[in-house]
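This report concerns only the one structure given below.
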Amino acid sequence: MPELPEVEVVRRGLAERSVGRTITGLEVLDARSLRRQSGGEGRLRAVLLGARISAVVRRGKFLWLRLADGTTADGTTADGPTPDGAVSDGGGPDGAETGEALMAHLGMSGQLRLTTGESLTPARGASEGPASDPLRHRRVSLSLEDGSRIDLVDQRLFGGLWASPLVPAPDGLPAGEGSPDALLPEAAAHVARDLLDPAIDLPEVARRMRARRAPVKALLLDQALVSGIGNIYADEGLWAARVRDDTPGTALSQRTAHALLRETAAVMRRALAVGGTSFDALYVNVDGRSGYFARSLAAYGKEGEPCPRCGTAIRRRAFAGRSSHFCPRCQRAR
DNA sequence: CTGACCCTGAGG
DNA sequence: CCTCAGGGTCAG
């Protein structure tokens with residue numbers, strides 16, 4: 001559910017309130033959230049404890065925290081592996097970059113919540129709690145030096161946290177939103193630039209789409225081609241550009257393919273401006289608040305409702321293992 | 001490129 | 001009780 005705009009809302013919240021802080025604790029309530037961490041909790045602990053958060057970066061739906069050597073309470077410097085030559089000193093005043101990033105992916109139901117000292121609820125039994133407890137599905141928590149906490153809350157456990165070494169981005173351009181340089185985590189190296197990335201080459205992405213026979217919706221969802229788009233914004237972008245989901249990439253003109261990308265970007269920008277899309281409490285920002293874009297959706301989840309453009313009932317069908325929503329009248333196959 | 005899998009909770 | 005929802009990954 002969280003797609004680019006929602007993840008960007010989270011990135012901004014974290015960047016505002018966690019950059020410069022040192023990580024002082026790691027609490028793992030459900031090890032399944034660390035599924036992608038080789039070496040498990042012990043390895044993650046070694047990377048995180050004593051590290052200072054120097055930046056919060058996003059590419060597509062992937063988020064990562066850049067880590068620098070922080071100063072521990074007793075004044076000693078935390079250690080961390082530094083891959084030779086990869087990192088000189090991107091860090092701030094009190095430490096060199098550790099060469100590792102903390103990756104975060106929210107999956108379907110993941111949230112990163114920031115809780116300040118006062119609002120920390122008295123520790124209930126593990127992740128058990130009343131249905132009203134917003135932290136009921138808390139899986140992992142990072143304690144920060146100021147007493148605040150970053151909580152990964154994830155009902156369905158598709159998301160996760162894991163450490164990944166930084167490598168240079170092949171094009172030498174900033175690795176993502178919020179990135180101080182061209183270094184990106186190895187784990188995000190396969191992820192294409194997203195539609196809100198100033199360094200994305202839209203005509204080139206359009207050309208690559210047109211070189212593939214797969215249905216255009218599958219291409220929009222291919223994170224290695226263009227990242228950040230999920231089922232909701234794919235349907236909305238296709239609706240905005242009046243393109244049918246099953247149109248083969250090869251059937252698109254350069255003009256149409258480019259327009260589709262621009263329309264999808266525009267939808268995501270509008271969603272971001274109102275805090276993202278959420279249908280319920282499952283997607284929220286770092287303070288637990290929902291965005292307002294759901295009320296602006298034209299196609300997604302609107303089966304049977306009139307198309308805002310022509311009034312025809314929106315249709316829904318299974319597509320590539322997911323559901324697809326479109327207007328049968330004004331979204332024509334090409 | 002399709003489908004299974006990872007998961008849980010809502011809804012039929 | 002069964003099915004469905006869905007991002008990413010990986011086997012086939």
Side-chain angles (χ1 to χ4, degrees), chain A residues 1-8 10-11 28-38 40 58-64 103-112 126-140 152-162 164 185-192 194-195 208-209 211-237 245-250 264 268 276-284 294 297 299-304 316-325:
Chain A
M1 194 113 84
E3 304 181 28
L4 188 155
E6 294 75 39
V7 179
E8 176 60 14
V10 171
R11 189 199 69 80
V28 179
L29 297 100
D30 195 319
R32 290 175 293 181
S33 291
L34 303 188
R35 195 179 299 136
R36 300 189 237 197
Q37 173 69 62
S38 57
R58 179 193 55 76
R59 176 185 283 221
K61 305 172 203 173
F62 287 79
L63 264 183
W64 62 88
M103 291 291 297
H105 198 285
L106 302 179
M108 273 244 357
S109 58
Q111 310 170 10
L112 287 172
S127 54
E128 298 304 314
S132 58
D133 184 355
L135 300 184
R136 183 165 78 262
H137 299 293
R138 181 164 69 99
R139 310 297 189 188
V140 183
L152 172 67
V153 175
D154 187 5
Q155 177 195 105
R156 293 182 199 173
L157 292 163
F158 280 25
L161 299 179
W162 70 104
S164 178
E186 210 168 67
H190 67 292
V191 180
D194 60 66
L195 288 174
R208 292 178 59 190
M209 289 176 70
R212 290 172 56 175
R213 252 175 284 197
V216 63
K217 182 168 174 182
L219 299 176
L220 286 179
L221 294 172
D222 182 350
Q223 306 297 303
L225 183 62
V226 54
S227 71
I229 307 169
N231 208 36
I232 297 174
Y233 293 104
D235 281 358
E236 293 299 310
D245 55 2
D246 56 0
T247 310
T250 46
T264 308
M268 292 198 294
T277 300
S278 44
F279 304 104
D280 49 38
L282 209 53
Y283 165 70
V284 292
L297 295 175
Y300 185 86
K302 302 293 183 182
E303 181 181 19
R316 178 184 128 141
R317 64 176 166 195
F319 185 93
R322 293 191 168 69
S323 59
S324 213
H325 312 75

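Just so it is clear: chains get the letters A, B, ... in the order the sequence lines come, proteins before strands, and each one is counted from 1.
For Arg36(A) and dT9(C), the CZ to P distance is 6 Å, given to the nearest whole Å. Between the C1' atom of dC6(B) and the CG atom of Asp154(A) lies a distance of 11 Å, rounded to the nearest Å. Counting to the nearest Å, the C1' atom of dG6(C) and the OH atom of Tyr300(A) are 8 Å from each other. Regarding His105(A), its NE2 atom lies at a distance of 17 Å from the P atom of dC7(B), rounded to whole Å. As a whole-Å value, the separation of Arg32(A) CZ from dC7(B) P is 6 Å. What separates CD1 of Ile229(A) from P of dG6(C) is a distance of 16 Å, to the nearest Å. Atom CE of Met108(A) and atom P of dG8(C) are 11 Å apart (whole Å). The CD-C1' distance, from Glu3(A) to dG7(C), rounds to 9 Å in whole Å.
Just one residue in the list Asp154(A), Val153(A), Leu152(A) forms a side chain to side chain contact (heavy atoms under 4.5 Å, CB included) with Val140(A), and that residue is Leu152(A). The only option from Val226(A), Thr250(A), Leu220(A) that meets the side chain to side chain contact (heavy atoms under 4.5 Å, CB included) definition with Met209(A) turns out to be Leu220(A).
Using a 4.5 Å heavy-atom cutoff, the side chains of Lys61(A) and Val191(A) are not in contact.
Minimum atom distance to the side chain of Arg316(A) is reached by dA5(C), of the listed dT8(B), dG7(C), dA5(C). When distances run from any side-chain atom of Ala214(A) to the nucleotides dT8(B), dG8(C), dC1(B), the shortest one goes to dC1(B). In the set dG9(B), dC7(B), dG8(C), dC7(B) carries the atom at the smallest distance from any side-chain atom of Phe158(A). Nearest nucleotide to the Lys61(A) side chain, out of dT8(B), dG7(C), dC7(B): dG7(C). For Asn231(A), whose side chain is taken as the heavy atoms from C-beta onward, the closest listed nucleotide among dG7(C), dT8(B), dC6(B) is dG7(C).
Applying the 3.5 Å distance criterion, the base of dA5(C) shares a donor-acceptor pair with the side chain of Arg156(A).
A residue-by-residue look at Leu157(A) and Arg212(A) shows that Arg212(A) has its nearest nucleotide of DNA chain B further toward the 5' end. Each of Pro215(A) and Arg322(A) was assigned the nucleotide of DNA chain B with the nearest heavy atom; the assignment lying further toward the 5' end belongs to Pro215(A).
Within 4.0 Å of Arg213(A), counting heavy atoms only, lies no atom of the nucleic acid at all.
Considering only side-chain N and O atoms, His190(A) lies under 4.0 angstrom from the phosphate OP1 or OP2 of dT9(C).
Atoms NE2 and CZ, from His325(A) and Phe319(A) in turn, are 13.0 Å apart once rounded to the nearest 0.5 Å. Between the CZ atom in Arg208(A) and the CG atom in Leu219(A) there is a gap of 10.5 Å [rounded to 0.5 Å].
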